[in-house]
Amino acid sequence: MAERIPVPAAREGTHCTAAQYEELYRRSIDDPDGFWAEEARRLDWFTAPTRIADWSYDPVAIRWFEDGVLNLCHNCVDRHLPERADDVAILWEGDEPGNVRTLTFRELHAEVVRMANALKQLGASKGDRITLYFPMIPEAAIAMLACARIGAIHSVVFGGFSPEALHGRIVDCASRFVITCDGGMRGGKLVPLKANVDAALAEGTPVEAVIVVCHLGNEIAFNPATDHWYHEMADLDGDCPCASMNAEDPLFILYTSGSTGKPKGVLHTTGGYAVWAATTFHYVFDYRPGELFWCTADVGWVTGHTYVVYGPLANGATTLMFEGVPNYPDSSRFWDMVERHKVDIFYTAPTAIRALMREGDGPVKKHDRSSIRLLGTVGEPINPEAWLWYWRVVGDERCPIVDTWWQTETAGIMITTLPGAHDMKPGSAGLPFFGVVPELVDADGQVLEGAASGNLCLARSWPGQMRTVYGDHERFAQTYFSAYRGKYFTGDGCRRDEDGYYWITGRVDDVLNVAGHRLGTAEVESALVSHPKVAEAAVVGYPHDIKGQGIYAYVTLVVDAEPDAALEQELRQHVRTEISPIATPDIIHFTPALPKTRSGKIMRRILRKIAENEFGSLGDTSTLADPSLVDALIEGRRNR
Ligand code: ATP
Ligand code: MG
């Protein structure tokens with residue numbers, strides 16, 4: 001089954017060849033302190049760390065570089081001024097094609113200083129939590145960097161979230177300040193950000209001041225007691241030195257996407273996060289000066305934090321920020337932008353790849369993609385079918401693909417192939433990054449060796465590991481360290497093959513146990529998606545009298561396919577032959593769409609409840625992209 005695609009010829013001077021990977025990985029395991037002390041030198045430290053790793057998983061206390069002093073804004077902006085002040089730091093394109101703005105490092109520096117001064121003027125200082133609620137515009141990055149500059153802790157809330165979701169996150173971390181803008185555009189539609197902030201504040205929050213950036217000029221309500229038009233604030237141009245931050249001072253809080261339950265306020269600290277972001281960006285994307293890097297994630301997610309803002313800028317890279325959506329004005333938008341801007345590295349999510357694949361090859365092929373040299377994916381397991389489409393159609397079988405497994409909790413990439421080092425296997429994330437020690441553990445906590453399937457744990461700490469759940473260290477310990485003593489439990493199921501490649505099989509909660517056989521939801525989904533008429537599939541278990549658990553498959557079809565009984569039969573047969581009769585879906589439920597989080601991940605816990613006929617206890621649905629879909633799915637379930 002597993003196809004193996006040889007690593008395309010490495011570029012001259014690639015940051016890591018296969019032999020170098022072996023050597024560096026070995027060193028990162030045998031001498032972690034030496035290895036990470038050296039990698040930490042990618043950054044400018046005001047005081048270099050002498051104490052490197054200091055952690056325990058029982059009790060849970062994690063510290064890295066703890067006597068080091070640095071500032072991440074300095075590392076992303078100021079330190080580049082002597083060498084590349086006039087290089088582009090941020091290349092922005094708005095919702096309308098061709099609406100472009102560039103910021104050089106010099107301009108970015110001036111903007112960040114202004115925003116930092118604005119925060120200080122309003123009384124914000126080190127340790128304050130500051131909520132950012134933005135569309136994908138440069139001011140989102142500027143505000144993040146301004147917080148880092150003065151030592152305030154940012155909490156970015158995705159600009160597509162409702163006032164309720166925003167309210168909950170402001171209250172959870174007791175923010176006294178919000179930075180937002182009047183409105184944003186997504187796919188030709190106005191998102192009323194300021195009005196959403198007003199609605200969130202109306203429910204009662206500790207917020208004292210709101211900085212409002214003027215982006216669209218749409219009409220907004222203005223409350224003189226709290227609101228400050230950013231462009232009307234005076235005296236912002238004076239110097240604003242970067243605060244000296246201890247490596248373990250908090251950098252940001254970010255709420256997880258809520259695929260599996262109530263979002264957790266993940267806390268990352270300065271030094272370890274900075275080292276992880278900078279190091280993974282350097283090796284995984286093999287970045288060279290002058291290249292244009294495009295990560296399509298929103299800054300409201302960790303991928304946007306680490307690979308739109310901090311990772312690229314810490315490496316002096318040019319990062320592309322895009323306000324819009326992949327299908328506006330039509331589904332060739334990504335490739336149109338790749339052609340116009342000559343994007344070198346393109347990093348997106350399986351959900352986007354599957355949606356674009358559904359539209360066929362035409363929209364891709366009509367644009368020149370010869371500038372691309374590396375493709376990446378993150379967010380969910382990518383079905384081999386979608387991987388191969390990305391490889392063949394988008395990358396012309398020329399560009400390596402990095403399938404990067406990681407989590408909000410890990411700060412950055414943890415399992416991936418490296419572009420100049422490793423063969424690729426469609427559907428497998430690949431091998432551990434430096435310092436990462438994956439372990440597969442069975443239900444009794446036994447560590448499995450060699451080729452095996454189990455629950456994915458990480459045996460050792462890494463610099464980018466989250467330090468706590470904000471305000472709830474007990475929840476941190478409970479969630480990640482109680483299932484398997486002395487290990488970090490990721491919540492994901494995983495298979496390791498005979499070559500040591502890792503295959504994420506889905507959330508552990510979603511692993512199926514059908515008549516005593518363990519099946520990963522990802523495997524059944526990939527089999528379904530490999531049928532030409534299937535665009536996307538989500539598989540969950542439900543109680544079954546005979547088998548214990550039955551397989552319930554929600555399926556969306558490609559544009560012209562008919563959801564009829566014949567196709568249902570055909571799909572069952574298809575899965576039988578692709579995997580085995582054990583994996584045959586018991587119920588196939590055609591639906592025009594799947595419920596997803598705002599970050600585009602399929603919300604299987606809701607699908608599971610619906611499949612179980614538990615309509616009353618769907619749990620937290622606040623992060624759902626389209627809540628109305630749930631009623632239609634329940635209706636469809638009732639008819640089965
Ligand atoms: P919550 O923790 O609130 O349920 P979430 O897990 O979706 O939300 P994220 O931190 O955004 O929040 O997502 C991390 C998860 O995404 C991983 O645990 C894994 O399940 C999945 N994932 C990310 N990248 C990959 C990948 N390359 N392959 C397979 N799965 C991936
Ligand atoms: Mg998670």
Side-chain angles (χ1 to χ4, degrees), residues 156 158 165 168-169 254-266 268 280 284 295 297-307 347-354 375-384 386-387 390 401-417 424-433 438 455-458 464-466 469 475-476 479-480 488-495 501-511 520-523 525-526 538 595-606 608 619-625:
V156 183
F158 173 55
R169 287 159 175 74
L254 180 61
Y255 293 85
T256 56
S257 55
S259 307
T260 58
K262 184 176 180 291
K264 301 169 275 281
V266 168
H268 283 291
T280 53
V284 178
C295 166
D298 193 282
V299 289
W301 315 122
V302 72
T303 310
H305 281 57
T306 306
Y307 300 112
Y347 189 36
T348 196
T351 182
I353 297 168
R354 289 189 300 256
L375 297 168
T377 146
V378 58
E380 285 182 293
I382 179 164
N383 323 94
W387 194 104
Y390 201 31
I401 295 179
V402 289
D403 173 0
T404 59
W405 175 86
W406 58 292
Q407 312 179 297
T408 310
E409 295 88 337
T410 71
I413 294 165
M414 300 291 281
I415 299 181
T416 181
T417 53
M424 299 168 284
K425 299 189 185 190
S428 166
L431 299 163
F433 189 73
N455 298 338
L456 178 61
C457 293
L458 301 168
Q465 181 162 31
M466 75 182 278
V469 170
R475 187 173 177 204
F476 180 52
T479 308
Y480 303 99
Y488 168 86
F489 175 43
T490 65
D492 287 341
C494 185
R495 178 166 69 80
Y501 277 54
Y502 289 86
W503 302 71
I504 307 297
T505 50
R507 314 289 176 141
V508 165
D509 292 349
D510 294 325
V511 169
T521 47
E523 298 173 72
E525 287 161 11
S526 289
K596 292 190 178 169
T597 62
R598 300 305 305 242
S599 56
K601 289 167 200 259
I602 300 169
M603 251 212 224
R604 288 184 184 72
R605 66 183 161 86
I606 289 183
R608 192 164 54 220
D620 184 346
T621 53
S622 65
T623 64
L624 213 50

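These values consider heavy atoms only, across backbone and side chains, with no hydrogens, waters or symmetry-generated copies. Both ligands and their constituent atoms are indexed starting at 1 by order of listing.
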> One thing to verify: whether R354 and E525 come together as a salt bridge, which I'm taking to mean a side-chain N less than 4.0 angstrom from a carboxylate O.
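So E525 does not pair with R354 through a salt bridge.
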> We want to know whether T410 and Y488 form a side-chain donor-acceptor pair, criterion being a heavy-atom distance below 3.5 angstrom.
no
> Hey, is the main chain of I413 close enough, under 3.5 Å, to the side chain of Y307 for a donor-acceptor pair?
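Checked: pair present.
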> Counting only heavy atoms, which portion of E380 has something under 4.0 Å from ligand 1: side chain, backbone, both, or neither?
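Backbone only; the side chain of E380 stays clear of ligand 1.
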> For atom 10 (O) of ligand 1, grab the closest protein heavy atom and report residue, atom and distance to one decimal in Å.
T408 OG1, 2.5 Å
> How far is atom 20 (O) of ligand 1 from its nearest protein heavy atom, and which residue and atom name does that atom have?
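It is D492 OD1, 2.8 Å.
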> Checking a contact table here: which protein heavy atom is nearest atom 5 (P) of ligand 1, and how many Å away?
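Answer, as residue, atom name and distance: S257 OG, 3.2 Å.
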> For atom 7 (O) of ligand 1, grab the closest protein heavy atom and report residue, atom and distance to one decimal in Å.
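Here the nearest protein heavy atom works out to S259 OG, 2.4 Å.
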> Indicate yes or no: at least one non-hydrogen side-chain atom of P438 is less than 4.5 angstrom from one of L456.
yes
> Looking only at heavy atoms, is any part of Q407 under 4.0 Å from ligand 1, and if so is it the side chain, the backbone, or both, or is it neither?
both
> Within the 3.5 Å criterion, strictly below it, is a donor on T404 or Y347 matched to an acceptor on the partner's side chain?
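Side chains of T404 and Y347: pair found under 3.5 Å.
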> Numbering the atoms of ligand 1 from 1, which are under 4.0 Å from a heavy atom of T404?
24 (N), 25 (C), 26 (C), 27 (N)
> Using a strict cut-off of 4.0 Å, indicate which atoms of ligand 1 neighbour a heavy atom of I504.
29 (C), 30 (N)
> Between V378 and W406, is a side-chain contact (heavy atoms from CB on, under 4.5 Å) present by the stated rule, with each step listed?
CA-CA 8 Å; V378 58; W406 58 292; 3.1 Å; yes
> Is it the side chain (CB and beyond), the backbone, both or neither of A429 that lies under 4.0 Å from ligand 1, heavy atoms counted?
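Within the 4.0 Å criterion, A429 makes no contact with ligand 1.
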> Going by the atom numbers of ligand 1, which of them fall below 4.0 Å from some non-hydrogen atom of W406?
14 (C), 17 (C), 23 (C), 24 (N)
> Using only atom types and a distance under 3.5 Å, with no angle test, would you say the side chain of K425 pairs donor to acceptor with the backbone of G430?
no
> Starting from atom 24 (N) of ligand 1, find the nearest protein heavy-atom neighbour and note its residue, name and distance.
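Result for atom 24 (N) of ligand 1: G379 N, 3.0 Å.
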> Any side-chain to backbone donor/acceptor pair from T256 onto K264? Under 3.5 Å, distance only.
yes
> Return the closest protein heavy atom for atom 6 (O) of ligand 1 as residue, atom name and distance.
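So the nearest neighbour among protein heavy atoms is R507 NH1, 2.7 Å.
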> If you count the atoms of ligand 1 from 1 in the order shown, which ones are under 4.0 Å from a heavy atom of K264?
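Per the distance check, 2 (O).
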> Can you report which non-hydrogen protein atom sits closest to atom 29 (C) of ligand 1, along with the distance?
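Protein heavy atom at minimum distance: P381 N, 3.1 Å.
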> Heavy-atom pairs closer than 4.0 Å: do any link ligand 1 to the side chain of W301, the backbone, both, or neither?
neither
> To check your reading of the model: name the closest protein heavy atom to atom 13 (O) of ligand 1, its residue, and the distance in Å.
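Looking only at protein heavy atoms, the one closest to atom 13 (O) of ligand 1 is K601 NZ, 2.8 Å.
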> State which residue, out of I353, T348, V402, fulfils the side chain to side chain contact (heavy atoms under 4.5 Å, CB included) condition with T377.
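So, applying the side chain to side chain contact (heavy atoms under 4.5 Å, CB included) to T377 and each of I353, T348, V402, only I353 qualifies.
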> Mark the output for S599 as yes if a heavy-atom distance to ligand 1 is under 4.0 Å, and as no if none is.
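No heavy atom of S599 comes that close to ligand 1.
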> Roughly how far, to the nearest 0.5 Å, is the OG1 atom of T306 from the NE2 atom of H268?
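Nearest 0.5 Å value for the NE2-OG1 distance: 7.0 Å.
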> Using a 3.5 Å distance criterion without hydrogens, assess whether the side chain of R604 forms a donor-acceptor pair with backbone atoms of R507.
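Checked: no pair found.
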> Under 4.0 Å, heavy atoms only, figure out whether ligand 1 is touched by the backbone of I382, its side chain, both or neither.
neither
